[in-house]
Protein chains: 2
Amino acid sequence: MLKYQKIALEIEKYITVHSLKQGDKIPVIETLISQYKVSKSTIIKALNLLEDKGIVFMVRGSGTFVRGQIRKGYNNLLLTQDCREDDSKNPPFLRKIIGMEIVRAIPDVATALGLEEDSKVYSVRYVHYIEKQVLCMEQVFYNKNIISYLDKEIASESIFNYLKNILGLKIGFPDIYINLDKLNSEEASIFGLNIGDPMLCKEIIYHLASGQPFCYSRAVLNYKQAKFFIKGNRLNSYI
Amino acid sequence: MLKYQKIALEIEKYITVHSLKQGDKIPVIETLISQYKVSKSTIIKALNLLEDKGIVFMVRGSGTFVRGQIRKGYNNLLLTQDCREDDSKNPPFLRKIIGMEIVRAIPDVATALGLEEDSKVYSVRYVHYIEKQVLCMEQVFYNKNIISYLDKEIASESIFNYLKNILGLKIGFPDIYINLDKLNSEEASIFGLNIGDPMLCKEIIYHLASGQPFCYSRAVLNYKQAKFFIKGNRLNSYI
DNA sequence: CAGTGGTCTAGACCACGAA
DNA sequence: TCGTGGTCTAGACCACTGC
């Protein structure tokens with residue numbers, strides 16, 4: 001683990017153990033330099049990392065401060081393809097595989113993964129539950145040329161860890177798409193909602209570090225649970 | 001304008017004028033160093049900026065490459081409180097003020113802006129159109145202690161430019177919240193949709209660079225137009 | 001093993017906020 | 001004016017990709 005990542009983690013821990021709240025100040029850069037015995041750039045890089053994650057904000061001439069918590073019940077839109085973060089404050093989150101097969105890519109899937117139509121892909125279907133209520137139905141496609149082997153056991157755990165640790169793949173960046181529609185009859189019956197009720201469709205295309213897309217996830221979410229937040233940064237403020 | 005920002009802009013322009021596509025390589029860092037006559041760190045900072053904006057991705061040992069374009073009809077979720085980016089490829093985007101007044105903050109607004117209940121705030125209501133169709137209804141609240149004067153003329157233009165350039169305020173970071181619901185009768189009639197049809201509610205709390213919230217926007221969007229994308233980065237990939 | 005991105009350093013100098 | 005964050009430099013050294 002790199003120095004600046006490690007320092008970022010420790011500062012994050014510092015904020016937790018001191019129960020710092022929105023607006024509380026964390027030690028100044030000079031202090032952190034002598035505490036961690038690294039150069040100024042390294043400290044700034046660590047703090048920038050925390051700023052990008054929405055944990056602190058830095059004010060020139062004044063200091064570095066803790067950024068506020070988010071409304072209850074909202075989930076980080078950027079973090080996972082899941083519907084809810086699984087932390088101790090929220091009710092437990094459950095995921096079940098309801099099917100895994102090798103299929104031929106339909107046009108949408110082929111486009112997302114940059115493949116020829118009818119190429120072989122793994123298809124894995126999940127249902128996500130929260131307190132026995134259906135939250136989200138997800139279908140995930142993996143490019144079989146890249147992930148040559150997959151089974152139900154691997155798919156039940158963290159596939160991405162398998163890809164990283166066992167296959168040695170390097171995960172890069174996701175493209176995320178959001179749109180709205182009405183539930184069809186099949187979806188409505190699974191969610192226990194009515195036909196025509198709102199639903200949110202969240203599609204994610206994951207790329208390897210090399211830029212090649214390898215995973216396409218399409219999730220349909222129960223509108224009552226589809227609550228998300230994003231902590232923007234300076235970049236996102238150019239109105 | 002800072003060196004690294006300027007260089008980032010020029011590289012962005014370079015990509016445009018050379019019509020570079022997904023996966024195309026841009027000049028290596030050494031080349032950019034001698035071209036712009038700056039240090040390596042400055043070039044890397046410029047490229048990191050472009051990477052954060054989702055314009056390029058960098059692969060160690062290999063090079064820096066252009067990141068792909070996004071599906072048509074989808075809008076950047078992070079960029080504005082508006083519903084659609086106003087570029088030449090999309091149909092023109094129109095915004096109309098339908099009311100401006102000074103009101104007392106109701107609890108939701110007071111919480112968002114960190115004010116006492118019943119504090120004075122500006123309320124500005126907009127309707128956003130796309131090709132004569134109603135896209136989005138937005139109500140924006142400004143803390144009157146920070147923005148002491150506002151009028152309809154200013155509110156019709158870019159308020160944020162007014163805040164930056166005339167009032168000298170420094171804009172910081174936004175908190176963005178997304179949730180779904182059904183249209184009520186009033187909303188349905190404005191959109192020309194049916195009661196109970198889906199809608200997306202997008203709330204944004206804008207903070208000054210000092211961390212103080214100064215603006216709270218609540219927008220209700222036509223579900224047929226509520227199509228968004230986000231270009232994630234490495235950070236967003238820890239599944 | 002050459003080419004390329006990435007980390008880290010030490011230090012000069014700048015820009016901004018608060019007193 | 002002083003404390004604090006931010007830019008920029010020059011260069012050493014490291015880590016990964018692809019030939």
Side-chain angles (χ1 to χ4, degrees), chain A residues 1-9 11 23-52 56-67 146 164 167-173 207-212 233-235, chain B residues 1-9 11 23-52 56-67 146 164 167-173 207-212 233-235:
Chain A
M1 175 165 266
L2 299 165
K3 275 191 188 177
Y4 76 94
Q5 293 175 328
K6 206 168 162 184
I7 293 170
L9 266 182
I11 295 173
D24 288 350
K25 190 169 177 176
I26 69 171
V28 300
I29 291 179
E30 275 305 329
T31 309
L32 296 169
I33 288 172
S34 50
Q35 186 174 334
Y36 292 107
K37 300 192 189 346
V38 295
S39 74
K40 187 175 177 182
S41 318
T42 302
I43 294 295
I44 288 186
K45 208 163 180 190
L47 292 173
N48 285 156
L49 193 62
L50 294 176
E51 197 169 31
D52 288 345
V56 303
F57 62 95
M58 298 164 88
V59 187
R60 196 202 292 239
S62 177
T64 302
F65 305 88
V66 173
R67 190 155 162 193
I146 299 174
K164 278 190 291 192
L167 298 188
L169 297 174
K170 301 231 162 64
I171 313 295
F173 48 88
H207 302 254
L208 296 176
S210 68
Q212 187 176 11
N233 55 43
R234 274 184 205 78
L235 271 181
Chain B
M1 174 165 265
L2 299 165
K3 275 190 188 177
Y4 77 93
Q5 293 176 328
K6 206 168 161 184
I7 292 170
L9 266 182
I11 294 174
D24 287 350
K25 190 169 178 177
I26 70 171
V28 302
I29 291 179
E30 275 305 329
T31 309
L32 296 169
I33 288 172
S34 52
Q35 186 173 333
Y36 292 107
K37 302 193 190 341
V38 294
S39 74
K40 187 175 178 183
S41 318
T42 303
I43 295 294
I44 288 187
K45 207 162 181 192
L47 292 174
N48 285 156
L49 193 61
L50 294 177
E51 197 169 32
D52 288 344
V56 303
F57 62 95
M58 298 165 88
V59 187
R60 194 200 296 236
S62 177
T64 302
F65 305 88
V66 173
R67 190 154 162 194
I146 299 174
K164 278 190 289 193
L167 298 188
L169 297 174
K170 302 234 162 64
I171 313 294
F173 49 88
H207 301 254
L208 297 177
S210 67
Q212 187 177 13
N233 54 42
R234 275 186 205 76
L235 272 181

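Residue numbers start from 1 in every chain, and the chains themselves are labelled A, B, ... in the order their sequence lines are given, proteins ahead of strands.
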Subject >> Rounded distance in Å - CD1 (Ile29(B)) to P (dC14(D)) >> reply: 18 Å

Original post:
Heavy atoms under 4.0 Å, any strand shown: does Ile44(A) hit a base, just sugar-phosphate, or nothing?
Top reply: base

**OP:** Give the rounded distance in Å between these two atoms: CZ of Arg234(B) and C1' of dC16(D).
**Re:** 13 Å

Original post:
Rounded to the Å, how far apart are Leu169(A) CG and dC16(D) P?
Top reply: 14 Å

Subject >> Heavy-atom contact window of chain A on DNA chain C, given 5' to 3' at under 4.0 Å >> reply: dT7(C) to dG17(C)

Subject >> Check: Ser62(B) side chain, Val59(B) main-chain N or O, donor-acceptor pair, under 3.5 Å >> reply: no

**OP:** Using heavy atoms to find the nearest nucleotide of DNA chain D for Ser62(A) and Lys45(B) separately, return the residue whose nucleotide is more 5′.
**Re:** Ser62(A)

**OP:** Tell me, yes or no, whether the heavy-atom count around Glu30(A) atom CD, taken from other residues, nucleotides or ligands under 6.0 Å, exceeds 12.
**Re:** no

**OP:** Under the ring pair (Phe, Tyr, Trp, His ring centres under 6.0 Å) rule, collect the residues that match up with Tyr4(A), sequence neighbours excluded.
**Re:** none

**OP:** Hey, could you give me the CZ/OG distance between Arg60(A) and Ser210(B), rounded to the nearest 0.5 Å?
**Re:** 15.0 Å

Subject >> Side-chain donor/acceptor of Glu51(A) to backbone N/O of Met58(A), under 3.5 Å >> reply: yes

Original post:
Closest heavy-atom contact between Leu208(A) and Phe173(A)?
Top reply: O-CE2, 4.3 Å

Original post:
To the nearest angstrom, how far is Lys170(A) atom NZ from dC16(D) atom C1'?
Top reply: 7 Å

Original post:
Step by step, would you call His207(A) with Ile171(A) a side-chain contact (heavy atoms from CB on, under 4.5 Å)?
Top reply: CA-CA 7 Å; His207(A) 302 254; Ile171(A) 313 295; over 6 Å; no

**OP:** Tell me which of Lys40(B) and Ile43(B) sits closer to the 5' end of DNA chain D, going by the nucleotide each one is nearest to.
**Re:** Ile43(B)

**OP:** Using a heavy-atom cut-off of under 4.0 Å over every strand shown, decide if Lys3(B) touches base, sugar-phosphate, or nothing.
**Re:** sugar-phosphate

Original post:
Crowded around Gln5(B) CD? As in, over 12 foreign heavy atoms under 6.0 Å?
Top reply: yes

Original post:
Given that Leu47(B) and Arg60(A) both sit by DNA chain C, which one's nearest nucleotide is further toward the 5' end?
Top reply: Leu47(B)

Subject >> Leu50(A) CG - dG5(D) P separation (whole Å) >> reply: 13 Å

**OP:** Have a look at Thr64(A) and say if it touches a base, only the backbone sugar-phosphate, or nothing, with a 4.0 Å heavy-atom cut-off.
**Re:** sugar-phosphate

Original post:
For Leu32(A) and dG3(D), what is the distance between atoms CG and C1' respectively, to the nearest whole Å?
Top reply: 15 Å

Subject >> DNA chain C base-pair string [pairs: Watson-Crick or G-U under 3.5 Å; |: paired with another strand] >> reply: ||||||||||||||||||.

Subject >> Toward the 5' end of DNA chain C, by each residue's nearest nucleotide, Ser210(B) or Met1(A) >> reply: Met1(A)

**OP:** List the atom of Val66(B), the atom of Phe57(B), and the distance in Å for their closest heavy-atom pair.
**Re:** O-CE2, 3.7 Å

